[in-house]
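Here is the structure we will look at, set down as structure tokens.
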Amino acid sequence: MTIILEAATRLLEAEETKQVIEPLTASYPGITVDEAYHTQLEIIRRKVDNGGIIVGKKIGATSKAIQTMFGVNQPDYGHLLADMMHVEGETISLEQYIQPKVEFEIAFKLKKDLKGPNVSILDVIEATDYIVPAIEVIDSRIRDWQIKFEDTVADNGSSACAIIGGKPTKLEGLDLTHIGMVAYRNGDMIDSGAGAAVLGNPLRSIAWLANSLGKYDVALKSGEIVLSGALTSAIEVNENDTFTAEFAHIGSVTASFKR
């Protein structure tokens with residue numbers, strides 16, 4: 001418990017002061033994945049006690065590209081709070097972040113609760129109200145992104161904010177594995193991907209999350225937004241960057257950044 005409380009305090013102070021810390025896996029070489037998740041839950045508990053409102057969850061490291069970039073070999077997750085959410089058209093200040101990157105994702109809006117174990121893809125389909133394109137800003141409170149799996153888990157999945165765009169689209173008739181996406185930075189194409197990059201199918205990603213959260217007695221709740229995971233590698237954000245992700249069938253999402 002001492003590791004959990006100390007690690008949570010260090011990460012919250014780093015977020016507030018915008019001063020990075022050394023990896024938790026260096027400071028606490030024996031930290032386990034379970035302790036890392038409990039550190040994340042402790043951070044969220046403190047934020048909620050201070051008025052934060054949980055509005056959803058994010059899934060990270062679902063694609064091989066992201067796993068390779070950050071040297072991890074399995075997905076992770078984090079919490080989304082109300083003050084982390086933006087709608088398309090806002091210009092987002094980079095002053096609130098330390099070393100931000102963007103990811104392009106499919107977001108799910110739920111109309112029913114999902115709680116593991118034994119949540120299936122069919123359960124996810126029945127629980128989904130609609131999907132929309134999203135841009136997630138990830139940020140690390142760990143120096144130079146020198147993270148191991150336990151570091152990013154404790155650090156709320158390295159989450160910072162999310163921008164929701166596009167048009168609400170029902171799942172009926174859509175094959176999410178083949179939904180294509182093209183990403184642009186300041187008008188120049190920088191990457192492309194498809195839904196299959198997300199654990200083979202974004203629906204599988206949501207089911208994985210519900211079952212993983214169930215181990216900690218946490219549910220995905222009706223009304224929550226869930227980011228299902230990046231379709232491509234994460235891209236570093238610079239001042240005055242504008243990113244657009246255009247998805248087949250579900251529209252596009254744009255985010256602009258300034259100092």
Side-chain angles (χ1 to χ4, degrees), residues 11-21 47 52 55-56 58-63 65-66 68-70 78-107 131-147 151-152 155-168 179-194 197-198 225 227-248 250-259:
L11 286 167
L12 283 168
E13 288 178 349
E15 182 178 354
E16 182 176 345
T17 63
K18 309 297 181 289
Q19 298 296 315
V20 293
I21 61 174
K47 289 188 174 184
V55 296
K58 60 79 50 106
I59 310 170
T62 52
S63 70
I66 293 294
T68 299
M69 172 176 276
F70 295 119
H79 290 69
L80 299 175
L81 302 178
D83 62 1
M84 298 167 64
M85 307 303 291
H86 298 269
V87 295
E88 193 171 30
E90 296 180 57
T91 298
I92 299 168
S93 172
L94 293 174
E95 295 294 339
Q96 58 194 312
Y97 308 123
I98 303 172
Q99 42 194 351
K101 301 176 185 288
V102 292
E103 297 179 342
F104 312 106
E105 315 196 12
I106 297 173
I131 58 174
V132 289
I135 294 175
E136 181 185 6
V137 178
I138 59 172
D139 196 13
S140 181
R141 277 53 71 169
I142 306 298
R143 185 181 305 280
D144 298 327
W145 283 97
Q146 295 301 306
I147 55 174
D151 293 300
T152 188
D155 194 17
N156 196 29
S158 301
S159 193
C161 81
I163 302 94
I164 305 300
K167 55 182 182 180
I179 283 186
M181 184 277 301
V182 179
Y184 299 87
R185 178 185 204 161
N186 304 325
D188 297 324
M189 185 182 129
I190 52 171
D191 213 339
S192 62
V198 183
I225 287 279
L227 304 181
S228 60
L231 276 66
T232 63
S233 296
I235 308 296
E236 184 177 341
V237 182
N238 297 312
E239 185 175 6
N240 297 322
D241 274 344
T242 294
F243 294 91
T244 298
E246 296 181 350
F247 290 78
I250 65 172
S252 64
V253 56
T254 296
S256 297
F257 300 88
K258 67 175 183 179
R259 281 290 169 197

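In Glu16, the CD atom is not crowded: 12 or fewer heavy atoms of neighbouring residues, nucleotides or ligands sit closer than 6.0 Å. Heavy atoms from other residues, nucleotides or ligands lying under 6.0 Å from NZ of Lys258 number 12 at most.
A distance-only check finds a donor-acceptor pair linking the side chain of Gln146 to the backbone of Asp144 [under 3.5 Å]. Looking at Glu103, its side chain never comes within 3.5 Å of a backbone N or O of Ala234 through a donor-acceptor pair. Checking side-chain atoms of Thr232 against main-chain N and O of Gly193 turns up no donor-acceptor pair under 3.5 Å.
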Donor-acceptor list for residues 179-188 side chains, cut-off 3.5 Å, not counting sequence neighbours:
residue: Arg185; atom: NE; partner: Asp241; partner atom: OD2; Å: 3.2
residue: Arg185; atom: NH2; partner: Glu236; partner atom: O; Å: 2.7
residue: Arg185; atom: NH2; partner: Asp241; partner atom: OD2; Å: 2.8
residue: Asn186; atom: OD1; partner: Thr242; partner atom: N; Å: 2.8
residue: Asn186; atom: ND2; partner: Asp241; partner atom: OD1; Å: 2.9

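Here Ile135 contributes atom CD1 and Cys161 contributes atom SG; the two are 9.5 Å apart, rounded to the nearest 0.5 Å. Atom-to-atom distance recorded for Lys101:NZ and Glu136:CD is 13.0 Å, nearest 0.5 angstrom. Distance OG/Ser140 to CD/Gln99: 5.5 Å, rounded to 0.5 Å.
Contact annotation: the side chain of Ile142 approaches that of Ile21 to within less than 4.5 Å [non-hydrogen atoms, C-beta and beyond]. Residues Thr254 and Ile163 are not in side-chain contact: their nearest non-hydrogen atoms beyond the backbone lie 4.5 Å or more apart. Inter-residue side-chain proximity for Ile250 and Lys167 is flagged as unmet; no heavy-atom pair is nearer than 4.5 Å. Under the 4.5 Å side-chain criterion, counting only non-hydrogen atoms from C-beta, Tyr97 is not in contact with Val237. You'll find the side chain of Lys58 reaches within 4.5 Å of the side chain of Ile138, heavy atoms only.
Counting only N and O atoms by type, the side chains of Thr152 and Ser158 include a donor and acceptor under 3.5 Å apart.
Minimum heavy-atom separation, Glu88 to Gly165: OE1-CA, 3.7 Å. Across Ser252 and Thr244, no two heavy atoms sit closer than the pair CB-CG2, 4.4 Å. Residues Ile225 and Ala107 share a closest heavy-atom pair of CG2-CB, 4.2 Å. Between Leu227 and Ala134 the shortest heavy-atom distance is CD2-CB, 3.9 Å. When every heavy atom of Asp191 is checked against every heavy atom of Ser233, the shortest pair comes out as OD2-N, 4.0 Å. Minimum interatomic distance between Val55 and Met85 (heavy atoms only, all atoms of both residues): CG2-CG, 3.7 Å.
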* To do: In sequence, state the C-alpha distance, the side-chain angles, and the governing distance for Leu231 and Val198, and then conclude on side chain to side chain contact (heavy atoms under 4.5 Å, CB included).
  => CA-CA 6 Å; Leu231 276 66; Val198 183; 3.8 Å; yes
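Aromatic ring orientation, Phe243 versus Phe104: tilted (interplanar angle from 30° to 60°).
Of the candidates Asn240, Val102, Thr91, Phe257 forms a side chain to side chain contact (heavy atoms under 4.5 Å, CB included) with just one, namely Val102. For the side chain to side chain contact (heavy atoms under 4.5 Å, CB included) test with Arg141, the passing option among Leu12, Val20, Thr17, Leu11 is Leu11; the others fail.
Qualifying salt bridge (charged side-chain N to carboxylate O under 4.0 Å, His left out) partners for Glu15, counting only residues two or more places apart in sequence or in other chains: Lys47.
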